[in-house]
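As C-alpha cells, the structure follows; a few thoughts come after it.
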Amino acid sequence: MNVLKFGGTSVANANNITQVCQIVADKSKEDKLAVVISAFSGVTDLLLSASLKAAAKDESYRELLSEIEKKHFDAIKELLPIQQQSALLSHVKRIVNHLETLLDGCFLLGERSARTSDTIIGFGELLSSCIVAETLKQSVAKSTYKDSRELIRTDDNFGKANVDFAKTNVLIKEYFASTDAHVIVLPGFIGSSENGDNTTLGRGGSDYTAAILASGLNADKLEIWTDVNGMFTANPKIVRQAQPIASISYQEAMELSHFGAKVLYPPTIQPALDKNIPIFIKNTFEPNVYGTLISANPEKSQNPIKGISHIEGISLVTLEGSGMIGVAGSSKRLFEVLSDKGINVIFITQASSEHSICIGILDSDSEKAQKAIDNAFETEISRHRIEPCIVEKGLCIVALVGENMKNHQGLSGKMFSTLGKNNVNIRAIAQGASERNISVVINERDVKKALNTLHERFFEDNTKQINLFVMGVGNVGEKFLDQIHQQKKFLRDNLKINLRVIALSNSKKMIFDEEGLSLKDWKQQLESGENADIGRFVQNVKTLNLRNSIFVDITTNQHVSDSYHQYLEDSIAVVTCNKIACSSVYENYVDLKNTSRKYGAPFLFETNVGAGLPIIDTLKNMVASGDKVNKIQAVLSGSLNFIFNNFDGNSSFHDVVKEAGIQGFTEPDPKIDLSGVDVARKILILIRESGYEMEMHDIENKSFLPKECLDTQSVPDFFVSLLTHAKHFDDLYDQAKSQDCRLKYVAQFENGKAAVGLQFIPKDHPFYNLEGKDNIVLFFTDRYSDQPLLIRGAGAGAAVTASGIFADVIRASNN
Ligand code: ADP
Ligand code: ASP
Ligand code: MG
C-alpha cells in the first residue's frame, strides 16, 4: 500500500489533473493506493478571504464565490466528456450552494467563528478531490472516493486541530479493510471532531493527512507530489542555484520544514518517522526526476550542511533587567504567559549572565505578547527590577541544517563571517545542543542576500557571485566592460568568480538590471536608460542589497568620489581609477581607509598611479612587511611622457597634445596633465601610501606652462593658448637638445619634501630612455637602499588602465 499526495499546483487546472491521473493510473498497476488531494492552488486563500469579507459585511465575497465556482466548473468541462459531466456538475453545484449559505450566514451575522471558518476553508479539498476522483474513474475502474472527515478524528482546536491517533487509526484500518477499491481518493487538510464538527489540520495540512493515512495503514511509502524536484538546499524561488537534496534524514527534514521549507508541512514527518515509512518528494510535472528521499538512514554526504531555510515575519522580544539574574522561574513565567495566550515560540536565546532572555515569535503575535508579558511582570517593572519588554519587528530567522554539523568545527564561524562580510547584521543567534541547526535572526531586508551568500559559501563549490556597479563608460570604461565580457568564462572556470555587471552609468543615463546586464549591447541599453543621478545610483545599489557588491568609479568626477563613504559604510567595496578622493585633504583619505577597514569593504585604487602597473600594491606590501620608504623618484605621467617623447622638433606642441588626447593618453581636460596637477596627485598618493602625512599644497609644482595657459578656463581656450605660446615650448625643446638631454616630467620625494616639474634628463639617467607613454618609479627604501626597487611599463592608455581596474576587482572579490 502506498500513499500519494498531490498539492495545490498539481491540481490547479484540467491539464494538471490529467497529469495527476496519469501518474496515479501508472502507479496503481503495481500497488494499492490512497491518493490525497489538496485544494486547487489558491482556493483555500480565496475561501479564507471570502469568509473574512462576508463577516466584515463586504458583499464582494460573492465575486470570490463565483470565481471559485467557475474554476471548478471549467476544470470539469475540460476533463470529462459532455455526457458524463452533468452528475459531477450538479454535485459540485450542491457543494457550492452549501458554501454560499454559510458565507451568507457570516454576512448576515457579521461574524465568523473559528468553527465556521474551518468548515468554510475545508471546501477547497471537498471540491478538488471529488473532481479528481471522477476523472480517475475514466482510467482506473477500481477507484473510489472517501471523505477524510469520516476517518480523521481530531479535537476541536479549530484552525489547527490535533489528531486523535488511537481513534483515527482504527477508522482508517476499518475502512480500508472494508473496501475492495484499488485506488481511494480522499480530500486532504480536513477532519472532524467527536461532536461531528468540521476541522482542519493547519495550512499546508494535506501533507499531514497523507502521513496520517500512511501511518494508519503501515504503508510501504509516502509520496508527496508537488511542483518542484524535491526538497531543495534552499527555497528555489529565492536562491536560483539551490539544488534538490537526494537523501535526507527525518530529523534534518523536520528541522528544514520547521524553519520554513514550505515544501513539507512540518507535522507530516513524525507519523512517518514513527513507522519508519520512507517519504519521497516528487515533481508532478517531471515525474521521472528522482526527487528527495526522507528516511532513517540517508546516504552519507561530504557536506555537513543539508540545507538552509528561513522564516520571515519574525519579531524578537527581549526581556531584561537585574531582576532576572539568579531568580528561578523568570523564564518559566515568561513561557507560561506566552503559552496561555497561544503564542508559539520559534526561537530562544539566553546569555549565561541571565540578565536577559530573548525569544522569536511571529510578527502577528508580537503585540499580544508584549501586552501579556508586561502585565505578567508588572510588579518587577514598577520596581525597575525588569525593563518593559522590547519588541523588534520585521526580522527573519535563517537556519543552517545538517545532522553532521556536530562533527565539523568552524561552521558557525563561517556562517557569521560570510554574513558579516556582506553587511548582514546578526541580531540573535541560537544553536541547539543537537547541533543539527544553527539559527540567526537578521533583518528581513537582508534575507535574499543572506540566503544566497550562505548558499554560495556552503553549496556552490566556492563559486562567488560578484556584482559590479560601474560609473563612467568612456574610453577606459568601455575597455573594462570588454575585458569582463571576454574573461567571464575564464573567471568562472578558473577563479570560481561569477562576475556580473548590475548597473552602468555615464553622465547622462543609468541602467540597472538585478539579473546582470548583457554586455553585448550595453550601449543601446544605456541610451534608453533613466536620467543619471549620483544620489539615486547610490540609493539603488543599497536597495538592491546584493551580496559581494563592488562600486567601480571610472570617472574623473569629484561628486562621484564624494559618494564612496556611502558605499563603504554598507560594506560595498569601492574600486576607483579616479584620483580625487585619495589626493583630497588627508583627513578624507584617512577616513575612507578607516571606513573601509571598519566595514570590511575593500577600497582599492591601484590605477591612481601608473595605470595598470602594480605600484600601489607593491608599495603596500613593502610597508606592511616593515620596509620604510625614504625616497621616491618617478616619471608618473604617461601622458606627459608620451607628449615629450613625441615632441621632437617635427610637430608643434599643440598638435602633439591633441594627438595624445585622441589616443586616450590624457585626461579629458589635458590641463590637468600639463599643469602637473595629475602628477602631483600621484606622488601625493604614493607618499601617503608610504605612511607619510602630506597635503596637495605641500608639493612644490614648478609648472613649465606659461601663466596664460594655466589661467585658461576651458579646454578649447587651453588649446588656443598652446598655439599662442608655441615658441615657449620650442625653446624648451631646443635647450634640452643643446645639452644632450631629454625633457621628462619628474616627481620626487625625499627628506619629507616633494616636488614635481620638468627636468632635463642626461643620457646616463634611468629615465632618459623611457619610451612612449611609459612610467617609471624608483623606490629607495631601507631594504632597497643601494639599488632602488624599480617598476616600469606602460603607464597610460585605456586597455592597461582597464586591466588595472580589473585586477582591483579581482582583489576585492577575493576579500
Ligand atoms: P503544494 O501545493 O504542492 O503542497 P507548496 O507550495 O506547499 O506545494 O510547497 C512547494 C513550494 O515550496 C515550492 O514551490 C517552493 O516554492 C517552496 N519551497 C520553500 N522552501 C523550499 C525548499 N527548501 N525546497 C523546495 N521547495 C521549497
Ligand atoms: N489547501 C490547504 C492550504 O492551502 C492545505 C494544503 O494545500 O496542504 O493550506
Ligand atoms: Mg504544501
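Numbering of residues begins at 1 and proceeds along the displayed sequence. Fair warning: this is a prediction, and the values are worked out from it, not measured in the lab.
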Tell me whether [X] contacts the main-chain N or O of [Y] through its side chain, where contact means a donor paired with an acceptor under 3.5 Å.
{"X": "D655", "Y": "S651", "result": "no"}
{"X": "D562", "Y": "A581", "result": "no"}
{"X": "S596", "Y": "A601", "result": "yes"}
{"X": "Y745", "Y": "F644", "result": "no"}
{"X": "S690", "Y": "Y692", "result": "no"}
{"X": "K488", "Y": "L499", "result": "yes"}
{"X": "H728", "Y": "F704", "result": "yes"}
{"X": "D627", "Y": "D782", "result": "yes"}
{"X": "T724", "Y": "V720", "result": "yes"}
{"X": "S639", "Y": "F665", "result": "yes"}

Under a 4.5 Å cut-off applied to non-hydrogen side-chain atoms, are [X] and [Y] in contact?
{"X": "T666", "Y": "F642", "value": "no"}
{"X": "I502", "Y": "V470", "value": "no"}
{"X": "V574", "Y": "D553", "value": "no"}
{"X": "F718", "Y": "C709", "value": "yes"}
{"X": "R792", "Y": "V635", "value": "no"}
{"X": "L778", "Y": "I632", "value": "no"}
{"X": "C582", "Y": "Y589", "value": "yes"}
{"X": "I572", "Y": "L568", "value": "no"}

Does either side chain, that of [X] or that of [Y], offer a donor lying less than 3.5 Å from an acceptor on the other one?
{"X": "Q739", "Y": "Q735", "value": "no"}
{"X": "R500", "Y": "N467", "value": "yes"}
{"X": "Q566", "Y": "D570", "value": "no"}
{"X": "K744", "Y": "N645", "value": "yes"}

Subject >> Qualifying residues under salt bridge (charged side-chain N to carboxylate O under 4.0 Å, His left out), relative to D673, sequence neighbours excluded >> reply: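 Scan of D673 (salt bridge (charged side-chain N to carboxylate O under 4.0 Å, His left out), adjacent residues dropped) gives none.
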Original post:
Which residues satisfy the salt bridge (charged side-chain N to carboxylate O under 4.0 Å, His left out) test with R688, sequence neighbours excluded?
Top reply: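 Checked R688 against salt bridge (charged side-chain N to carboxylate O under 4.0 Å, His left out); matches are E695.
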Ion pair present between [X] and [Y], side-chain N to carboxylate O less than 4.0 angstrom?
{"X": "E460", "Y": "K496", "answer": "no"}
{"X": "E456", "Y": "K464", "answer": "no"}
{"X": "E667", "Y": "K579", "answer": "yes"}

Rounded to the nearest 0.5 Å, what separates atom [atom1] in [X] from atom [atom2] in [Y]?
{"X": "I672", "Y": "T556", "atom1": "CD1", "atom2": "OG1", "answer": "6.0 Å"}
{"X": "C577", "Y": "I805", "atom1": "SG", "atom2": "CD1", "answer": "4.0 Å"}
{"X": "L636", "Y": "I776", "atom1": "CG", "atom2": "CD1", "answer": "10.5 Å"}
{"X": "N578", "Y": "T555", "atom1": "CG", "atom2": "OG1", "answer": "4.5 Å"}
{"X": "S417", "Y": "N422", "atom1": "OG", "atom2": "CG", "answer": "10.0 Å"}
{"X": "D730", "Y": "Y733", "atom1": "CG", "atom2": "OH", "answer": "10.0 Å"}

Original post:
So, F551 versus Y567, ring centres under 6.0 angstrom or not?
Top reply: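 For F551 and Y567, the ring centres are under 6.0 Å apart.
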Subject >> F647/F729 aromatic ring centres below 6.0 Å >> reply: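 Ring-ring flag for F647/F729: false, centres at least 6.0 Å apart.
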**OP:** Kindly indicate, with the supporting measurements, whether the criterion side-chain contact (heavy atoms from CB on, under 4.5 Å) is fulfilled by T576 and V552.
**Re:** CA-CA 6 Å; T576 176; V552 185; over 6 Å; no
Listed partners of [X] passing side-chain contact (heavy atoms from CB on, under 4.5 Å), at least two apart:
{"X": "N588", "result": "H565, S584, V585, L592"}
{"X": "D446", "result": "V424, I442, N443, K449, N545"}
{"X": "L613", "result": "I615, N775, I791"}

Distance-only check: which donor-acceptor pairs under 3.5 Å involve side-chain atoms of residues 506-519, not counting sequence neighbours?
from: N506; atom 1: OD1; to: K508; atom 2: N; distance (Å): 2.9
from: N506; atom 1: OD1; to: K509; atom 2: N; distance (Å): 2.7
from: K509; atom 1: NZ; to: N531; atom 2: OD1; distance (Å): 3.2
from: D513; atom 1: OD1; to: E515; atom 2: N; distance (Å): 2.9
from: E514; atom 1: OE2; to: K448; atom 2: NZ; distance (Å): 2.6
from: E515; atom 1: OE1; to: R240; atom 2: NH1; distance (Å): 3.4
from: E515; atom 1: OE1; to: R240; atom 2: NH2; distance (Å): 3.0
from: S518; atom 1: OG; to: K520; atom 2: N; distance (Å): 3.3
from: S518; atom 1: OG; to: D521; atom 2: OD1; distance (Å): 3.3

**OP:** Kindly state each residue pair satisfying salt bridge (charged side-chain N to carboxylate O under 4.0 Å, His left out) with at least one member in residues 587-598, sequence neighbours excluded.
**Re:**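 Qualifying pairs: K593-E689.
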Quick one: side chain to side chain donor-acceptor pair (under 3.5 Å) pairs with a partner in [range], sequence neighbours left out?
{"range": "residues 797-812", "value": "D808-R811"}
{"range": "residues 471-485", "value": "E478-K523"}
{"range": "residues 607-625", "value": "S625-R783"}

**OP:** Let me know which of I550, V538, L546 forms a side chain to side chain contact (heavy atoms under 4.5 Å, CB included) with F469.
**Re:**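 Result for side chain to side chain contact (heavy atoms under 4.5 Å, CB included) with F469: L546.
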Subject >> Test log, rule side-chain contact (heavy atoms from CB on, under 4.5 Å), inputs T595 and E569 >> reply: CA-CA 7 Å; T595 311; E569 278 166 7; 3.9 Å; yes
Please tabulate, one pair per line, all N/O donor-acceptor pairs under 3.5 Å involving side-chain atoms of residues 748-755, not counting sequence neighbours.
from: Q748; atom 1: OE1; to: Q633; atom 2: NE2; distance (Å): 3.3

Subject >> S675 versus N701, closest heavy-atom pair with distance >> reply: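 So the minimum-distance heavy-atom pair works out to O-ND2, 3.1 Å.
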Original post:
What's the shortest heavy-atom distance between V239 and A234, and which atoms?
Top reply: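 Minimum heavy-atom separation between V239 and A234: CG2-CB, 3.8 Å.
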Original post:
How far apart are the C-alpha atoms of R547 and T418, what are their side-chain angles, what is the distance that settles it, and do they pass the side-chain contact (heavy atoms from CB on, under 4.5 Å) test?
Top reply: CA-CA 10 Å; R547 65 193 185 277; T418 306; over 6 Å; no
Subject >> For Y599, all residues meeting ring-ring contact (aromatic ring centres under 6.0 Å, His included), sequence neighbours excluded >> reply: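 Applying ring-ring contact (aromatic ring centres under 6.0 Å, His included) to Y599 gives none.
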Original post:
When you look at CZ of F719, are more than 12 heavy atoms from neighbouring residues, nucleotides or ligands closer to it than 6.0 Å?
Top reply: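 For F719, atom CZ is crowded (more than 12 foreign heavy atoms under 6.0 Å).
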